[in-house]
**Student:** 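If you scroll down you'll find the structure; I have some questions about it.
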Amino acid sequence: MQNRVRQVFNLMILFRRSFSSSSSSALQPLLPISQLCTNGRLHEALLEMVMLGPETGFHGYDALLNACLDKRALRQGQRVHAHMIKTCYLPATYLRTRLLIFYGKCDRLEDARKVLDEMPEKNVVSWTAMISRYSQTGHSSEALSVFAEMMRSDGKPNEFTFATALTSCTRASGLALGKQIHGLLVKWSYDSHIFVGSSLLDMYAKAGQIVEAREIFDCLPERDVVSCTAIIAGYAQLGLDEEALETFQRLLSEGMTPNYVTYASLLTALSGLALIDHGKQAHCHVLRRELPFYAVLQNSLIDMYSKCGNLSYARRLFDNMLERTSVSWNAMLVGYSKHGLGGEVLELFRLMRDEKRVKPDAVTLLAVLSGCSHGRMEDTGLSIFEGMIAGDYGIKPDTEHYGCIVDMLGRSGRIDEAFEFIKRMPSEPTAGVLGSLLGACRVHLSVDIGESVGRKLIEIEPENAGNYVILSNLYASAGRWEDVNNVRALMMQKTVTKEPGRSWIQHEQTLHYFHANDRTHPRREEVVAKMKEISIKMKQAGYVPDLSCVLYDVDEEQKEKMLLGHSEKLALTFGLIAIGEGIPIRVFKNLRICVDCHNFAKIFSKVFEREVSLRDKNRFHQFDRGICSCGDYW
DNA sequence: CTAGGGTTAG
């Protein structure tokens with residue numbers, strides 16, 4: 001209705017103008033364009049422009065472009081642009097830059113680019129605006145090519161340019177170029193600028209060079225929430241959870257106020273460490289400070305609760321969300337998958353597809369397939385995979401989906417099929433895929449296929465110690481000690497390190513870490529004594545040490561001793577000492593649990609009538625009365 | 001006029 005009135009009003013003005021313009025007196029607008037624009041009367045302002053013709057001038061065009069930009073009014077802006085051309089108004093760099101920014105913000109990147117290309121003189125702002133628009137719309141390589149063009153044509157970047165160019169490097173995985181830019185930064189002393197420094201350290205962190213990132217962080221003359229969050233996120237994404245937590249605490253002690261991005265990254269670290277109490281505390285802070293409850297933050301809360309074993313909290317958060325993104329669904333699906341609840345995974349996946357608000361993405365399908373895998377639903381998994389190939393989900397399987405199927409078939413003991421499946425892959429199998437098959441061969445004692453897979457794997461990934469360990473493990477299980485020694489010798493030659501296995505358990509607000517044959521824990525003697533006592537009771541209840549889990553060629557007594565030294569057994573024993581009766585013992589491990597420890601935990605739960613929850617690298621195991629929720633299937 | 005950090009994956 002209001003528009004109607006305005007249109008009529010415009011017509012009235014038009015009439016008055018056409019009559020008055022026939023007189024000789026100069027055209028006098030009722031209000032100048034700039035004032036009409038600031039009052040939100042864009043249509044009238046455009047009308048003035050038409051009437052004034054070439055007299056619109058710098059201030060008129062400036063105001064008009066500003067107003068069009070505010071309203072993202074593409075049509076109107078295009079009319080202003082056309083008018084400039086028609087009246088042969090050759091705007092200065094400033095106005096052309098405004099035009100460029102206008103097109104950029106309206107997502108008309110080709111038009112923005114054209115404006116830039118046609119500029120007789122470009123300045124830092126025009127270059128930077130173009131680069132940042134490309135960068136923000138996900139066209140990082142275009143952003144970088146404009147940056148390169150700028151450098152070639154002697155344009156001198158400023159802190160704005162560097163900040164945005166570096167983010168483009170991060171997103172386009174252009175670390176090499178980023179390092180060159182780093183050189184320029186140092187030369188022109190921009191490297192201590194906080195915005196530039198943040199994107200610089202973020203770039204190194206995302207490329208996995210966390211030491212470099214930390215150095216830049218430490219050298220910043222000032223720190224703020226964003227630069228701290230960048231380094232926290234960097235640690236969290238690399239799984240360096242303690243460092244992330246430490247930096248967060250430092251942020252607090254330096255009097256900074258975390259925002260929702262900071263909390264999202266912190267929660268990633270907390271879910272890695274399974275620190276549910278800290279996670280709840282963070283959740284409380286978020287609620288008490290009434291921080292905006294963005295999806296990003298809720299997604300990380302869902303992830304934290306589910307990875308800490310509290311699926312019902314995760315689901316409640318999920319259900320209460322107003323706007324769920326694909327990440328929300330994925331986080332929830334992964335939660336069910338890690339708990340082996342294949343049925344829940346499929347049910348939620350069905351809901352997701354019915355709701356049609358967000359589309360499944362590659363991660364969704366990965367979560368669903370791994371859900372089938374952990375839930376012992378191989379045939380369902382296979383048929384979903386076939387559906388992907390047929391185009392049922394809008395997602396074509398990539399290497400990771402193939403890998404997931406190989407993992408699934410391998411886990412269920414269908415080693416030959418898994419081996420055949422690898423041959424069906426459109427691209428060469430990655431080390432990850434071969435690695436999961438090798439692991440399956442170890443579990444199901446398929447020495448022949450395992451040997452060929454293992455040899456191949458060592459060829460393409462000689463630096464990964466895990467490959468040698470599993471292969472020699474496989475040889476060990478077949479009693480082929482000579483091969484074991486050869487592989488171990490090979491491993492030594494390549495001087496590779498393997499991620500040491502460790503387990504931890506929370507007690508009175510602190511984490512107690514154990515590694516194999518631990519001698520560092522303050523209560524180690526108590527633990528060792530208790531372990532002796534436990535192992536006797538366990539054996540009476542039917543625990544037989546699975547000596548094939550020992551890699552080394554030593555005598556049986558020695559092997560048994562080594563088995564009892566496994567970190568998860570130590571953590572479990574400590575739990576029995578420290579955790580009050582009737583409370584479930586919750587242990588976490590950074591690697592996969594071994595067969596012997598799994599069996600140990602089952603019998604442990606029966607003998608001591610204690611529920612045990614163990615989260616390993618892959619999934620949760622809930623032990624109760626001698627049975628594990630994974631059904632001995634992991 | 002132009003700028004930095006974000007959740008899910010095996």
Side-chain angles (χ1 to χ4, degrees), chain A residues 62 65-66 69 93-102 104-105 123-133 135-136 157-168 170 190 193-203 205-206 220 224-234 236-237 258-268 271 294-304 306-307 325-335 337-338 361-370 373-374 398-408 430 432-433 435-436 439 617-619:
Chain A
D62 188 25
L65 285 175
N66 238 335
L69 178 60
T93 304
Y94 176 84
L95 275 189
R96 290 184 191 249
T97 307
R98 300 294 303 168
L99 207 49
L100 185 162
I101 293 166
F102 164 75
K105 289 272 160 75
N123 63 19
V124 212
V125 180
S126 40
W127 283 116
T128 306
M130 191 71 237
I131 297 169
S132 86
R133 237 10 237 166
S135 168
Q136 284 163 359
N158 64 10
E159 63 271 34
F160 289 78
T161 327
F162 281 128
T164 193
L166 287 168
T167 8
S168 306
T170 309
Y190 280 120
H193 187 281
I194 188 144
F195 276 43
V196 178
S198 309
S199 33
L200 189 64
L201 77 86
D202 183 53
M203 179 186 75
K206 292 242 166 62
L220 283 177
D224 64 0
V225 209
V226 176
S227 48
C228 288
T229 305
I231 193 82
I232 291 172
Q237 283 155 5
N259 60 26
Y260 81 99
V261 182
T262 322
Y263 279 114
S265 297
L266 170 72
L267 284 164
T268 306
S271 80
Y294 293 120
V296 189
L297 186 47
Q298 303 206 57
N299 294 343
S300 52
L301 280 168
I302 291 174
D303 175 60
M304 184 276 294
S306 83
K307 294 233 183 89
T325 64
S326 64
V327 178
S328 327
W329 292 92
N330 297 348
M332 201 63 232
L333 288 166
V334 169
S337 167
K338 294 230 178 226
D361 57 22
V363 178
T364 314
L365 269 301
L366 221 46
V368 172
L369 292 179
S370 91
S373 180
H374 287 300
D398 61 26
T399 322
E400 288 174 329
H401 298 102
Y402 275 91
C404 205
I405 296 290
V406 172
D407 188 56
M408 180 181 82
T430 61
V433 172
S436 94
K617 197 172 188 177
N618 284 339
R619 60 165 293 158

**Student:** Just call it for Tyr260(A): base, sugar-phosphate, or nothing, with non-hydrogen atoms closer than 4.0 Å on any strand.
**Tutor:**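 Base contact - Tyr260(A) has a heavy atom under 4.0 Å of at least one base atom.
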
**Student:** Is the phosphate of dT7(B), meaning OP1 or OP2, less than 4.0 Å from a side-chain N or O of Lys307(A)?
**Tutor:**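 Answer is no, no contact under 4.0 Å.
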
**Student:** In whole Å, I'd like the distance from the OH atom of Tyr190(A) to the P atom of dA3(B).
**Tutor:**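 So the OH-P distance, Tyr190(A) to dA3(B), works out to 16 Å.
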
**Student:** Reckon Val125(A) touches a base, only the sugar-phosphate, or nothing at all at heavy-atom distances under 4.0 Å?
**Tutor:**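 Counting heavy atoms under 4.0 Å across all strands, the contact made by Val125(A) includes a base.
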
**Student:** Choosing from dG4(B), dA9(B), dA3(B), which nucleotide comes nearest the side chain of Ser199(A)?
**Tutor:**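 Closest of the options to the side chain of Ser199(A): dG4(B).
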
**Student:** What contact category does Ile194(A) fall into here, base, sugar-phosphate, or nothing, at under 4.0 angstrom with non-hydrogen atoms?
**Tutor:**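 It contacts base atoms.
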
**Student:** Roughly, in whole Å, what's the span from CD1 in Ile231(A) to C1' in dG6(B)?
**Tutor:**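 Those two atoms, CD1 and C1', are 15 Å apart.
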
**Student:** If you look at every strand shown and take non-hydrogen atoms under 4.0 Å, does Asn66(A) touch a base, only sugar-phosphate, or nothing?
**Tutor:**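 Answer is nothing: Asn66(A) stays at 4.0 Å or more from every strand.
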
**Student:** Please tell me if Gln136(A) has a side-chain N or O lying less than 4.0 Å from either OP1 or OP2 of dT2(B).
**Tutor:**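 For dT2(B), neither OP1 nor OP2 has a side-chain N or O of Gln136(A) closer than 4.0 Å.
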
**Student:** Counting side-chain heavy atoms from C-beta on, which of dG4(B), dT7(B), dT2(B) comes nearest to Thr268(A)?
**Tutor:**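 Among the listed nucleotides, the one closest to the side chain of Thr268(A) is dT7(B).
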
**Student:** With respect to the phosphate group of dG6(B), does any side-chain polar atom (N or O) of Lys206(A) fall under 4.0 Å of OP1 or OP2?
**Tutor:**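 Checking dG6(B) against Lys206(A), a side-chain N or O does come within under 4.0 Å of OP1 or OP2.
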
**Student:** Nearest to the Ser132(A) side chain among dG5(B), dT7(B), dT2(B), which nucleotide is it?
**Tutor:**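 My answer, after comparing the listed nucleotides, is dT2(B).
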
**Student:** If you measure from CG on Asp407(A) to CG on Asn618(A), what distance do you get to the nearest 0.5 Å?
**Tutor:**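 One gets 7.0 Å once the value is rounded to the nearest 0.5 Å.
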
**Student:** For dG5(B), does either OP1 or OP2 sit under 4.0 Å from a side-chain N or O belonging to Gln237(A)?
**Tutor:**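 Checking Gln237(A) against dG5(B): no side-chain N or O falls below 4.0 Å of OP1 or OP2.
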
**Student:** Hey, does Thr364(A) reach any base, or is it just sugar-phosphate, or nothing, if we go heavy atoms under 4.0 Å?
**Tutor:**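 Thr364(A): no heavy atom of the nucleic acid under 4.0 Å.
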
**Student:** In whole Å, I'd like the distance from the CG atom of Leu166(A) to the P atom of dT2(B).
**Tutor:**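 One finds 19 Å between P of dT2(B) and CG of Leu166(A), rounded.
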
**Student:** Take Ile101(A) and Lys105(A) through the test side chain to side chain contact (heavy atoms under 4.5 Å, CB included) and record every step on the way to the result.
**Tutor:** CA-CA 6 Å; Ile101(A) 293 166; Lys105(A) 289 272 160 75; 4.3 Å; yes

**Student:** Report which part of the nucleic acid Asp224(A) touches: base, sugar-phosphate, or nothing (heavy-atom distance under 4.0 Å, all strands).
**Tutor:**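 Base contact.
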
**Student:** What contact category does Phe162(A) fall into here, base, sugar-phosphate, or nothing, at under 4.0 angstrom with non-hydrogen atoms?
**Tutor:**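 Nothing, no heavy atom under 4.0 Å.
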
**Student:** Identify whether any heavy atom of Ala367(A) sits under 4.0 Å from a base atom; if not, whether one sits that close to sugar-phosphate; answer base, sugar-phosphate or nothing.
**Tutor:**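 Answer is nothing: Ala367(A) stays at 4.0 Å or more from every strand.
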
**Student:** With sequence neighbours left out, what residues match Asp202(A) under side chain to side chain donor-acceptor pair (under 3.5 Å)?
**Tutor:**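 Testing Asp202(A) for side chain to side chain donor-acceptor pair (under 3.5 Å), a comparison that skips the adjacent residues, returns Lys206(A).
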
**Student:** Which one, dC1(B), dT8(B), dT2(B), comes nearest to the side chain of Arg98(A)?
**Tutor:**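 That would be dC1(B).
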
**Student:** Measure the spacing between OG of Ser271(A) and CD1 of Ile302(A) and express it to the nearest 0.5 Å.
**Tutor:**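 Answer for the OG-CD1 pair, Ser271(A) versus Ile302(A), is 12.5 Å.
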
**Student:** For Thr164(A), give me all partners under side chain to side chain donor-acceptor pair (under 3.5 Å), at least two apart in sequence or on another chain.
**Tutor:**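 Side chain to side chain donor-acceptor pair (under 3.5 Å) list for Thr164(A), sorted by chain: empty.
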
**Student:** Taking the minimum atom-to-atom distance to the side chain of Ala230(A), which one of dT8(B), dG5(B), dT7(B) wins?
**Tutor:**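 Among dT8(B), dG5(B), dT7(B), the one nearest the side chain of Ala230(A) is dG5(B).
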
**Student:** Output the rounded distance in Å from CE (Met130(A)) to P (dA3(B)).
**Tutor:**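 Answer to the nearest Å: 12 Å.
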
**Student:** So what does Asn259(A) touch, heavy atoms closer than 4.0 Å: a base, only the sugar-phosphate, or nothing?
**Tutor:**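 Base: the residue Asn259(A), judged by heavy atoms under 4.0 Å, touches a nucleobase.
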
**Student:** Which of these nucleotides, dT2(B), dT7(B), dG4(B), is closest to any side-chain atom of Ala264(A)?
**Tutor:**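 Out of dT2(B), dT7(B), dG4(B), the nucleotide with an atom closest to Ala264(A)'s side chain is dT7(B).
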
**Student:** Any sub-3.5 Å donor-acceptor pair from Ser373(A)'s side-chain atoms to Leu369(A)'s backbone N or O?
**Tutor:**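 Between the backbone of Leu369(A) and the side chain of Ser373(A) there is no qualifying donor-acceptor contact (under 3.5 Å).
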
**Student:** Within the 4.0 Å heavy-atom criterion, would you say Thr262(A) contacts the bases, only the backbone, or no part of the nucleic acid?
**Tutor:**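 Base contact - Thr262(A) has a heavy atom under 4.0 Å of at least one base atom.
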
**Student:** Ignoring the backbone of Asn299(A), work out which of dT7(B), dA3(B), dT2(B) is nearest its side chain.
**Tutor:**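 My answer, after comparing the listed nucleotides, is dT7(B).
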
